[in-house]
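For reference, the structure discussed in these notes is given below.
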Amino acid sequence: VILNVTNIEEYQGGMNIALYNSKESFETDISSRLTENDFAFEYPDVTESTLSVTFEDVPAGNYAFSIYHDEDGDEEMDLIAGLFPKEPYGFSNNFRPTFSAPDFEDCEFQVNYFDSLIVEIDLIQP
């Protein structure tokens, strides 16, 4: 699975990327590094307006990405009033939440055995 992230405005910090493989494990608050709920996790440095990350050996199944741009590099999603993201974020399917966090089904995509898959996420700027 190849993840392409676009709409990066600040070239600093890291991109906190979590890939989940079930509804039960999907979390939208990925404010820390790899947890037991993630199927896979990456934290590449951000140095330009686009970012591409490849996840190798992803078995067939349903997955969802939840990402945020950790601009200040503190490994936490900064929030306004404890509720609203202060740093750019995004989800697979370019799902844009309105009043609540997305469900797994909102962000879900399917991986099969035969083809590589490209997932694109356009960061949401707060």
Side-chain angles (χ1 to χ4, degrees):
V1 175
I2 299 168
L3 172 64
N4 292 326
V5 181
T6 59
N7 197 30
I8 299 171
E9 294 182 356
E10 299 292 328
Y11 310 147
Q12 62 191 28
M15 192 67 64
N16 193 314
I17 303 169
L19 177 62
Y20 298 96
N21 63 351
S22 72
K23 179 177 181 154
E24 293 74 33
S25 68
F26 183 73
E27 295 178 353
T28 56
D29 179 11
I30 55 170
S31 58
S32 61
R33 298 273 182 146
L34 180 66
T35 71
E36 66 278 357
N37 292 327
D38 305 342
F39 171 77
F41 178 86
E42 293 288 335
Y43 189 86
D45 291 337
V46 175
T47 58
E48 53 191 285
S49 63
T50 61
L51 177 73
S52 184
V53 178
T54 301
F55 291 82
E56 301 282 344
D57 302 319
V58 177
N62 295 333
Y63 296 86
F65 278 111
S66 179
I67 71 173
Y68 75 89
H69 183 182
D70 184 20
E71 293 177 327
D72 58 9
D74 67 355
E75 298 183 19
E76 293 184 8
M77 167 62 102
D78 296 335
L79 301 172
I80 300 169
L83 299 170
F84 305 103
K86 188 176 178 181
E87 295 178 299
Y89 63 97
F91 303 99
S92 41
N93 297 333
N94 280 313
F95 183 81
R96 292 188 171 274
T98 50
F99 297 109
S100 65
D103 292 323
F104 182 77
E105 292 80 10
D106 297 324
C107 307
E108 184 177 26
F109 61 91
Q110 188 172 36
V111 173
N112 63 42
Y113 288 108
F114 306 109
D115 299 321
S116 61
L117 178 67
I118 297 174
V119 176
E120 302 210 6
I121 297 179
D122 189 41
L123 282 182
I124 300 167
Q125 298 293 331

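Remember, it's a predicted structure, so these values are computed and weren't measured experimentally. Excluded from the calculations below are hydrogen atoms, water molecules and symmetry mates; all remaining heavy atoms, backbone and side chain alike, are included.
A heavy-atom distance below 4.5 Å is not found between the side chains of Glu42 and Thr54. A heavy-atom distance below 4.5 Å is found between the side chains of Ser66 and Tyr20. Looking at Pro126 and Ile80, their side chains never come closer than 4.5 Å, going by heavy atoms from C-beta outward. Using a 4.5 Å cut-off on side-chain heavy atoms (C-beta onward), Asn21 and Pro59 make no contact.
The structure places CZ of Phe26 at 13.0 Å from CG of Asn62, a figure rounded to the nearest 0.5 Å. Rounding to the nearest 0.5 Å gives a distance of 6.5 Å between CG of Leu19 and CZ of Phe39. In this structure, the separation between OH on Tyr43 and CD on Glu75 is 5.5 Å, given to the nearest 0.5 Å. Rounding to the nearest 0.5 Å gives a distance of 12.0 Å between OG1 of Thr47 and CD of Gln12. With rounding to the nearest 0.5 angstrom, the CG atom of Leu51 is 9.5 Å from the CG atom of Asp45. Taken from CG in Asp103 to CZ in Phe91, the straight-line distance is 11.0 Å, to the nearest 0.5 Å.
In the hydrophobic cluster analysis, where Ile, Leu, Val, Met, Phe, Trp and Tyr join through side-chain heavy atoms closer than 4.5 angstrom, Ile2 is grouped apart from Ile8. Linking Ile, Leu, Val, Met, Phe, Trp and Tyr whenever their side-chain heavy atoms come within less than 4.5 Å leaves Ile121 and Ile118 in two separate clusters.
Shown are Val58, Val111, Leu3; of these, the side chain to side chain contact (heavy atoms under 4.5 Å, CB included) with Leu117 is made only by Val111.
In this structure Gln125 satisfies the side chain to side chain contact (heavy atoms under 4.5 Å, CB included) test together with Asn7, Glu9, Pro88, Leu123, sequence neighbours excluded.
Contact record, Leu79 with Leu83: CB-N, 4.0 Å, taken as the closest heavy-atom pair. Residues Val46 and Gly14 share a closest heavy-atom pair of CG2-C, 3.7 Å. Closest heavy-atom contact between Ile124 and Arg96: CG1-NH1, 3.0 Å.
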Exercise for the section: Under the ring-ring contact (aromatic ring centres under 6.0 Å, His included) rule, what do Phe65 and Phe55 come out as? Steps first, then yes or no, please. Expected result: CA-CA 12 Å; Phe65 278 111; Phe55 291 82; 5.4 Å; yes
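Listed by first and then second residue, the side-chain hydrogen bond (donor to acceptor under 3.5 Å, both in side chains) pairs involving residues 78-94 amount to none (not counting sequence neighbours).
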